[in-house]
Each structure stands twice: as structure tokens, then as C-alpha cells.
There are 4 protein chains.
Amino acid sequence: MVYRTPPKVQERKDAKRRLVLDTAAKVFAERGYYNTKVTDILDKAGISTGSFYFYFNNKEELFEILYDEMIKTYLSVLQNAVDTMTTHAESIVKSISHAVTLSLQTFQKNKGLARIMLIGSVGLNPHFEKKRAADHQKISLVFEEIFRKLHQGKVISVPDARVAAILFTGSIFSIISNWLQEDKPVSLVKFIFPLIVYNLQALGIQCNEHEIQTIHNEIG
Amino acid sequence: MVYRTPPKVQERKDAKRRLVLDTAAKVFAERGYYNTKVTDILDKAGISTGSFYFYFNNKEELFEILYDEMIKTYLSVLQNAVDTMTTHAESIVKSISHAVTLSLQTFQKNKGLARIMLIGSVGLNPHFEKKRAADHQKISLVFEEIFRKLHQGKVISVPDARVAAILFTGSIFSIISNWLQEDKPVSLVKFIFPLIVYNLQALGIQCNEHEIQTIHNEIG
Amino acid sequence: MVYRTPPKVQERKDAKRRLVLDTAAKVFAERGYYNTKVTDILDKAGISTGSFYFYFNNKEELFEILYDEMIKTYLSVLQNAVDTMTTHAESIVKSISHAVTLSLQTFQKNKGLARIMLIGSVGLNPHFEKKRAADHQKISLVFEEIFRKLHQGKVISVPDARVAAILFTGSIFSIISNWLQEDKPVSLVKFIFPLIVYNLQALGIQCNEHEIQTIHNEIG
Amino acid sequence: MVYRTPPKVQERKDAKRRLVLDTAAKVFAERGYYNTKVTDILDKAGISTGSFYFYFNNKEELFEILYDEMIKTYLSVLQNAVDTMTTHAESIVKSISHAVTLSLQTFQKNKGLARIMLIGSVGLNPHFEKKRAADHQKISLVFEEIFRKLHQGKVISVPDARVAAILFTGSIFSIISNWLQEDKPVSLVKFIFPLIVYNLQALGIQCNEHEIQTIHNEIG
DNA sequence: GATGAATGAGATTTCATTCAT
DNA sequence: AATGAATGAAATCTCATTCAT
């Protein structure tokens, strides 16, 4: 006798929710959080205000969900790269190249979410600031752990694994921020190689450019 | 017959204007642009609405002035460091260490403005986005030019001077962003050494840590 | 699947919009444009600020709509009178009497809008000044065309049809302005007869008062 | 022992006051009462805010003084015309022509004040509305008295002397209002003749155009 | 008398969210 | 579930007037 939402209805609901999220991603990315009115999103999605508040509690929650999705996506991409790293430990160069390449590719594929993650979510409010800090730390920690191990194994040579991790992630984000600010739609791809080289050298990993180039070509 | 503002009055005006700017810097840094209401600033500064609009045209202008001040300050600090660089060309290590150290010291001294420059000014509106992009490019360009020369002289070894410059400035900003997000008030100083090492290695400059340490101690 | 506003809702919307317009007409008429605050209207209509801006873009637009309505109403009344004129051309006296009578009756019926049209809309801003000038010309033109024909047919005798038209409309508006300024609520009706006589004589139309009186009684 | 403002000082004061008044007349005429800021006037006059409030109690008073001056000027012009009328009573035609001509000439000479009197002072606030009403009545009364006498003497033929007076003054003001609204700076002079004819005929005064023309030429 | 810096009440408008249908 | 009309707190900015120098 218990009422259960029929699967078809549930599907429709999910689709609508998704539509709002996707539209919101575009609009937030274009105009930023505060310059985006809820109706801007809804008008574009063809959804009513009432409906919106059925699916989401408020504007901030909507944004947070988008942001969380992006972070989750990126973290899983990173984890993938890192898992490969520890598994095929044979080549650090390859592993690091992998991590960098996958990172840029992920953001390249989804410029809107890149914008939300790196620009749109800055300076919103104290709650979000904390969240951002925590997330950046989480990302940085992924590398910190690796770097710590590599440091013990004398594979890399840096004074401080944590700072190295911060700088490594920072380098990726710098490139993306820079790319997002560009007027013309350049490809992120061309930044991959110099970015890899910069970081490998920074970590004190001995390698010749030719080798990196080969690996880079393999991955791309 | 023409009235001339007496020096004393002018002084008071300058002081008041400064008071508003300084108070605004604090509040903007704490809460961000959109969460800062004009009255928040005025209440804290003990100034009337009318006075505010006598000194500034509107909230955005106030923010822009603060932002411009910070950028100007930082650019002149950089220029200083860079001028030293070309003069005492004997040691690249010293020069780069200098640039990094002065940068961090500048932001350390003025956390509020650092926050405004790196966090508060993100995602405000299209006008500001362009401004930010241009300013970051200006900063990056300072290093790009140096790196290009060093590259020609085979002093550094990087695939791309521009990308190297982006990453160099990015590394500094990453550290500062990270520091700004910290709950406890840590000192930026402890990041200087690893940051120098990371970048020197990244640029392919041969040097031993001991040498850097010595220079670092001299500068600090 | 497309939502259509149900008729009942639409009706309510229309009624609300009308309520705002009618209330605004009263308040504007009483206090003038600049002394009427938006809240004055809303309080009296028992409507929230939000609702107001749902129906109108701003205060000026609201006023302009009211003004336009009044002008439109008056112009159509005039056109009616004029159409009768050209049709029953037999008697000019009758036609002119008609035009005058209908004009005064229209304003009498709607004192508020008369006030808005003749008093409230004066000296608002350059945009409105132009509009007013154009509208007055439009009204005047209705008579100018008639007068020009009558002049050619030697039915009236005036040196200049355009000036005559200006004076004819001016005479109507003078009476109304005068009436609006009266403290006690006198009837406009008593002005109709002398107004007709004044203008008929001015136009050089031969007629005895008795005849006009008869026509006047018929129309009233 | 009593201090007396030296004459020279008094002169300077008067000049300054006059300067403010004249400047205000221009600015009010251009932009209207509510769109004129006190500082607009003062900037143009090169006078400080403080000084302004030494000479005038407030913005409204300033406007009122200007308005009163204009009305006074016009009333005295009218009185002049009317005095001639009663003295040289030989010709009504001449007298009326005189009144009309002098009226238009007065406004022509001082377009700014015309604007203030006829446009700028409309719809300001209840106080001013009353004042305007009273002033218009005063003007109208000047003619009403004449018309009443002329009516008794069977020189004019109108059903109602008061209404005739309203319409007579209204006709003058209509022409001026119309002229003020014109884009191009036309001369008011060309309206004098048709205006005289219209009103003479309206008053039922027998006369041929040629005679009026001659008088018109004499006066002009 | 003169100056212009300072004041603050108050006006318009926005927009996230709620609610009746 | 869905709709969009309704709400109202809150934010920015204006400008006549006052006041200290």
C-alpha cells in the first residue's frame, strides 16, 4: 500500500534536476555567482521558480552541488592517475606526466566547471572559503603523500614535501587560471609539456627532455 | 579672491579618505566584495554615508582604488627586485631569491591587501575580470623578459619562457593563497626557502641547497 | 506541456495592475510626480514593493502609462467629435459645440487624469517635455485640419488656421486648468456655454446666442 | 555707535544675491525645479553652498522669489496696458491690442522667466499650486474688471465676463506655452496679430482686419 | 561673510524565496 | 509536481541643509 515513485517519473525528475545543474554551470561560469540571478538560470532552462525550489533548497546549495561535483570529478581523475603511479611504479616521469596531462585534459573538457571551481567559488562567503581551503588541501595531500614517499626513496629532491605538493597543484591551477582568462579559445594542450618539464625539474628528477617528449606523445 | 583649501583642512580630508580606504581594506578582506555592505565600512570607520560619497563615487570605485594600490605596490616591489637582478648579475640564485623573498614579505606585511588582490577581486564582474587578467599578465611579463634573456644566455633551461614566467608567478601566488586560507596565523617566511629551491630547480639552475640557504639567511 | 496562465489568474493580474494604475492616478493627481513616493501609492493600494515592480519597470514608466492612457482617451473622444463634424457637416455650430462639450465632459468625468495630463506632466524632465509638446501638437492638429477646410470654404474667418487651432485647444485647457485649481468642486458644465460662444465668435462664425443655447441644451 | 553696513558692502551683497537669482533663473528654466540641484546653480554662479544659505533660506524660497519677480513684472506690464486703456478709452481695439502685444513682448524678452512662470512652477507642491492659482486669478481679474465695464457699456458681447477673462489670459498663455515648446527659436511676434484678431472677434467687437493691422503696426 | 566638508533621512529598486492555485 | 505571482528585507545612492573653521 506504500506509494512508490514510479521509475519513469523518477527519471523525469532526475533529468530536470540535471538540466538545472547543467544550465546553472553555464550561467555561473559566464557571469559569476553574484551576477547570476536565479531566474537567469531558470529562464534559460525553461523551468519555473517554484520547480527550482522543489529540487534545490536555495541558490547557494545549487552552486555548492555544482562545485562539489567538479571537485569530486577532479579528485577521482587524480586518484586514477596516482593509482597508476603506485602500480606501475617503474617510471616517475611517466606517472607525473600522467597526472599533469589528465588534469589539464579534464579542465579542458569542461571549461565551465573549471571556471566555477577556480574563479566562481572564490570570495563567496566564509562557509565557502573554508570548503575551498579544505578541498585544495585534499588535492594537495594526494601529491604530498606521493612526494613524501618519493622523497624517502631519494627519487625526488625537495626541502619540503608539503610545500612541493602545494606548488605542484598550484602550478596546474595557475596554468588553468591563465587559460581561462585568455580572450581567444586557445588549447590547454600546448601547456602540458612545459608544465611537466617545469615540475620534474623542480622536483629534482633527472631526465632529458627527449624522454619526456616521448612519454608526452604516448599519453596525449 | 579665489578660495584655497587650507592645508589643515586638506590634511584632514586626506586622513579621512585614507581612513575609509584602510577600513574598507579590512572589511573587504574579511567578508569579500559582495558580502561587504557600504554601511559595514562606514560604521566601522565612524563616517556618514554622505561623507563616503563625497570621497568616492561608489562602492566599486572604492574597491578598484584599493585593488589598484595593491597592484601598484606589488609591481614596484617587483621592479625593485628585478632592477637589482640586472645590476648585480653575478648571481642568478641571489636575484631570484630576492624576488621571491620580497614578494612574500610584501604580502606578509599586508595580509588584507593580499586577500583583496588574490581573493576579493576574483569573479566580481566582467570589467574586473579583464583588469585582473591584464594585471596578472603585467606581473608575469616582468619575469618573462628576464627568463627570456637568461634562456638565451643558457643560464636557465626551460622549454618556454612565457610558461615558465606564468608558473613562477603562479608559484608565489599559490603559496600566498594557501597561507591566506590557513586558520592559524602562520608566518609566510618559512615558505620562502622551499619556494626558492623549487623554482631554481624548475628553471634548471644548478645549485646546492647550502648555497641557497646562505643567501636566504643573508636576505631575510 | 506548455503552461498557460489560467484565465482566473490573468483576471486577477489585470485587476491588480489596474488597481495600481488607478491608485497611482489619484496620488499623482493629488501630490504631483515628485512629491509622490512609490510607497505612497503602494500603501494606498495595499500592495507590496515587489508586486509593483512585477507589473511596472519603475515609477516613471507607471506615470507614462497613465499619461498615455489619458491622452489616448482624449484623442479618441476628439476624433469622435470630429468625425461627427465632417459627417453632419450641415451645422458648424453644432459640431464645434459638440467638440467642446465632449472635451469638458471627458475631463469632468476623470478629474485625476485631467490633473495628470495638464499639471502633473509639466516640467518633469526633457523626455516628457518632448512627449507633451508632441501630444499637444497632435491635439491641436485635429482642429487645425478642420479649421483649414472651413477657412477655405469661407465658413470661418481667421488670419491663421494653425494659431486658431492652438487658441481653440488652449481655450479648452485654460478652462480645465482653472477648474482644477478651484478649491470647491464646481461643475465644469457651466463653462461649456460661454466657452462655445467665445470660440464661435472668435472664429468669426455668425450665430445668435439663442441658437447656441438650444444646441447646447440638446447636447448636454 | 550703531554698526551700519557700509554702502559698498551692501552693494556687493546685492550683486551677489542678484547673481544667484539670475543664474538660478537660467538653470531652473533649462532643467525644471526638481532636476535642478542647488549645486548646479552655485557651481555655475561660482558661489559656495554656505554663501547661498546666507542669502536665501532654501531652494524653494529661491524659486519662489524668482517666480514672484516674474509675476510682479508681468502684472505691472499689464497694469500699464490697462491704465492706458481706461485713459485713452477712445479705442478698445487699440487697448486690447496693446495688452496682447505688451504681454508677448515681455515674455519674448525673458524666455527663462516665462518658462519658470508657465512650466517650472506647475505641479511643484500644494503651497505653490495655491500661489499659482491665486496669481492666475489676479491676472485674470485685471481683464475681468475691464470686460465687465465694457460689457455694461455694450462694447463687447460675451455671456460671462469672468469666463471671457479666463479665456483671454488663457489665450495669451497658450501661445507662449506653445512657443516655449518649439525646438527652433521662432519669434513670438508673428503670433501677435492672429491672437489679437481671435480675441477681438471672440469678444464680439466689430472691426475689420485692416484696422487691426494698422494698429498692430503702430504698436510693434 | 565666506567656504566646502559633513550629515543623514529617505527614495528607488533588486531579487532570493514563499505561497496560493 | 508545477507554476509564476507575491513578498519585503535590504542595499545603494542622492542631495538639501548644517556647521566648523
Side-chain angles (χ1 to χ4, degrees), chain A residues 5 9-10 12-13 16 34-43 46-62, chain B residues 1-6 8-10 12-13 16-17 34-40 42 46-62, chain C residues 1-6 8-10 12-13 16-17 34-40 42 46-60 62, chain D residues 5 9 12-13 16 34-43 46-62:
Chain A
T5 312
V9 173
Q10 187 58 41
R12 264 217 308 277
K13 279 177 62 176
K16 203 160 185 178
Y34 285 105
N35 292 308
T36 297
K37 296 174 212 161
V38 173
T39 52
D40 290 342
I41 298 166
L42 301 183
D43 288 351
I47 298 263
S48 71
T49 337
S51 278
F52 172 74
Y53 284 91
F54 177 74
Y55 289 101
F56 303 92
N57 282 315
N58 51 45
K59 183 183 172 185
E60 191 170 340
E61 188 195 272
L62 168 66
Chain B
M1 252 352 203
V2 175
Y3 177 86
R4 246 193 260 178
T5 311
K8 283 209 173 178
V9 173
Q10 188 57 44
R12 264 215 310 277
K13 278 179 66 176
K16 199 161 190 176
R17 197 186 130 93
Y34 285 105
N35 289 308
T36 297
K37 306 310 160 193
V38 174
T39 48
D40 293 342
L42 303 184
I47 281 201
S48 71
T49 335
S51 275
F52 174 75
Y53 285 94
F54 179 72
Y55 287 101
F56 303 94
N57 284 315
N58 50 47
K59 182 185 168 184
E60 190 169 342
E61 189 195 272
L62 168 67
Chain C
M1 257 339 207
V2 175
Y3 177 86
R4 250 198 257 178
T5 311
K8 283 209 174 178
V9 173
Q10 188 57 44
R12 264 216 310 278
K13 277 178 67 176
K16 198 160 191 176
R17 196 187 130 93
Y34 285 105
N35 290 307
T36 296
K37 307 308 160 194
V38 174
T39 48
D40 294 340
L42 303 184
I47 282 202
S48 70
T49 337
S51 276
F52 173 74
Y53 284 93
F54 179 72
Y55 286 100
F56 304 93
N57 283 315
N58 50 46
K59 181 184 168 185
E60 190 169 342
L62 168 67
Chain D
T5 313
V9 173
R12 264 216 308 276
K13 279 179 63 177
K16 204 160 185 178
Y34 284 105
N35 291 308
T36 297
K37 297 174 212 162
V38 173
T39 52
D40 291 342
I41 298 166
L42 301 183
D43 288 352
I47 298 263
S48 71
T49 336
S51 278
F52 172 74
Y53 283 91
F54 177 74
Y55 289 102
F56 303 92
N57 283 313
N58 51 46
K59 182 183 173 185
E60 192 169 340
E61 187 194 272
L62 167 67

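The basis for the numbers below is simple: all heavy atoms, side chains too, and nothing from hydrogens, waters or symmetry mates. In what follows, every chain begins at residue 1, and chains take the letters A, B, ... in the order their sequences are listed.
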*Asks:* Would you say Ile47(A) and Tyr55(A) make side-chain contact, with heavy atoms under 4.5 Å?
*Replies:*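 No, every pair of side-chain atoms sits at 4.5 Å or beyond.
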*Asks:* Give, for atom NZ of Lys59(C) and atom NZ of Lys37(C), the distance between the pair rounded to the nearest 0.5 Å.
*Replies:*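 Going from the NZ atom of Lys59(C) to the NZ atom of Lys37(C) covers 5.5 Å.
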*Asks:* If I take atom CG from residue Asn57(C) and atom CZ from residue Phe52(C), how far apart are they, to the nearest 0.5 angstrom?
*Replies:*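 Rounded to the nearest 0.5 Å, the CG-CZ separation comes out at 9.0 Å.
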*Asks:* Figure out the NZ/C1' separation between Lys16(B) and dA20(F), and round it to whole Å.
*Replies:*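 Value for this atom pair: 12 Å.
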*Asks:* What does dG4(F) pair with, Watson-Crick or G-U, if both distances are under 3.5 Å?
*Replies:*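 Pairing partner: dC19(E).
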*Asks:* Between C1' on dA16(F) and CG on Leu62(D), what's the gap in Å once rounded to a whole number?
*Replies:*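 Nearest whole value for this atom pair: 13 Å.
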*Asks:* On DNA chain E, compare the nucleotides closest to Gln10(B) and Gly50(B); which residue's is nearer the 5' end?
*Replies:*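 The residue closer to the strand's 5' end, by nearest nucleotide, is Gln10(B).
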*Asks:* With a non-hydrogen cut-off below 4.0 angstrom, is Tyr55(D) in contact with a base, only sugar-phosphate, or nothing?
*Replies:*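 Sugar-phosphate contact only - Tyr55(D) comes under 4.0 Å of backbone atoms but never of a base.
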*Asks:* Using whole Å, what does the distance between atom C1' of nucleotide dT13(E) and atom CZ of Phe52(C) come to?
*Replies:*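 Going from CZ in Phe52(C) over to C1' in dT13(E) covers 10 Å.
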*Asks:* For dT12(E), give the paired nucleotide (Watson-Crick: N1-N3 plus N6-O4 or O6-N4; G-U: N1-O2 and O6-N3; both under 3.5 Å), or none.
*Replies:*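 Partner of dT12(E): dA11(F).
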*Asks:* Taking dG1(E) as the reference, what is the distance to dT21(F) when you measure between their P atoms (whole Å, please)?
*Replies:*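 22 Å, rounded to whole Å.
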*Asks:* Between Lys13(A) and dA1(F), is there a contact of a side-chain N or O with OP1 or OP2 at under 4.0 Å?
*Replies:*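 Answer is yes, contact under 4.0 Å.
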*Asks:* For Lys8(B), answer base if it contacts any base atom (sugar-phosphate contacts may also be present), sugar-phosphate if it contacts only those atoms, and nothing otherwise; contact means non-hydrogen atoms under 4.0 Å.
*Replies:*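 No contact at all - Lys8(B) keeps every heavy atom at 4.0 Å or more from the nucleic acid.
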*Asks:* Mapping Ile47(B) and Thr36(C) to their closest nucleotides on DNA chain E, which lands nearer the 5' end?
*Replies:*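 Its nearest nucleotide lies further toward 5', so the answer is Ile47(B).
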*Asks:* Please give, in whole Å, the distance from dT12(E) C1' to Glu60(C) CD?
*Replies:*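 Atom CD in Glu60(C) sits about 13 Å away from atom C1' in dT12(E).
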*Asks:* In terms of side-chain heavy atoms of Thr49(C), which of dT3(E), dA5(E), dT14(E) is nearest?
*Replies:*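 The listed nucleotide nearest to Thr49(C)'s side chain is dT14(E).
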*Asks:* In whole angstrom, give the distance that lies between atom CG of Asn58(C) and atom C1' of dT12(E).
*Replies:*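 Taking atom C1' of dT12(E) as the reference, CG of Asn58(C) is at 9 Å.
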*Asks:* If you check the Arg12(C) side chain, which of dT21(E), dA16(E), dT3(E) turns out closest?
*Replies:*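 Nearest to the side-chain atoms of Arg12(C), counting from C-beta on, is dT21(E).
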*Asks:* To the nearest Å, how far apart are Lys37(A) NZ and dT13(E) P?
*Replies:*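 So the two atoms are 14 Å apart, to the nearest Å.
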*Asks:* In the structure I gave you, are the side-chain heavy atoms of Thr49(C) and Thr39(C) within less than 4.5 Å of one another anywhere?
*Replies:*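 Sidechains of Thr39(C) and Thr49(C): no contact.
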*Asks:* When all nucleic acid strands are considered with a 4.0 Å heavy-atom cut-off, which category describes Tyr53(D): base, sugar-phosphate, or nothing?
*Replies:*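 It contacts base atoms.
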*Asks:* Rounded to the Å, how far apart are Asp40(A) CG and dA16(E) C1'?
*Replies:*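 Rounded to the whole Å, the gap is 12 Å.
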*Asks:* State, with a plain yes or no, whether a side-chain heavy atom of Tyr53(A) is found less than 4.5 Å away from one of Val38(A).
*Replies:*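 Sidechains of Val38(A) and Tyr53(A): in contact.
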*Asks:* Between Leu42(B) (CG) and dA6(E) (P), how many Å, whole number?
*Replies:*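 Atom CG in Leu42(B) sits about 13 Å away from atom P in dA6(E).
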*Asks:* Side chain of Phe54(D) only, heavy atoms from C-beta on: which candidate in dG4(F), dA16(E), dA2(E) is closest?
*Replies:*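 So the nucleotide nearest the side chain must be dA2(E).
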*Asks:* Would you say dT7(F) has OP1 or OP2 under 4.0 Å from some side-chain N or O of Ser51(C)?
*Replies:*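 For dT7(F), OP1 or OP2 has a side-chain N or O of Ser51(C) closer than 4.0 Å.
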*Asks:* When rounded to the nearest 0.5 angstrom, what is the spacing between CZ in Phe56(D) and OG in Ser51(D)?
*Replies:*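 Going from CZ on Phe56(D) over to OG on Ser51(D), the span is 11.0 Å.
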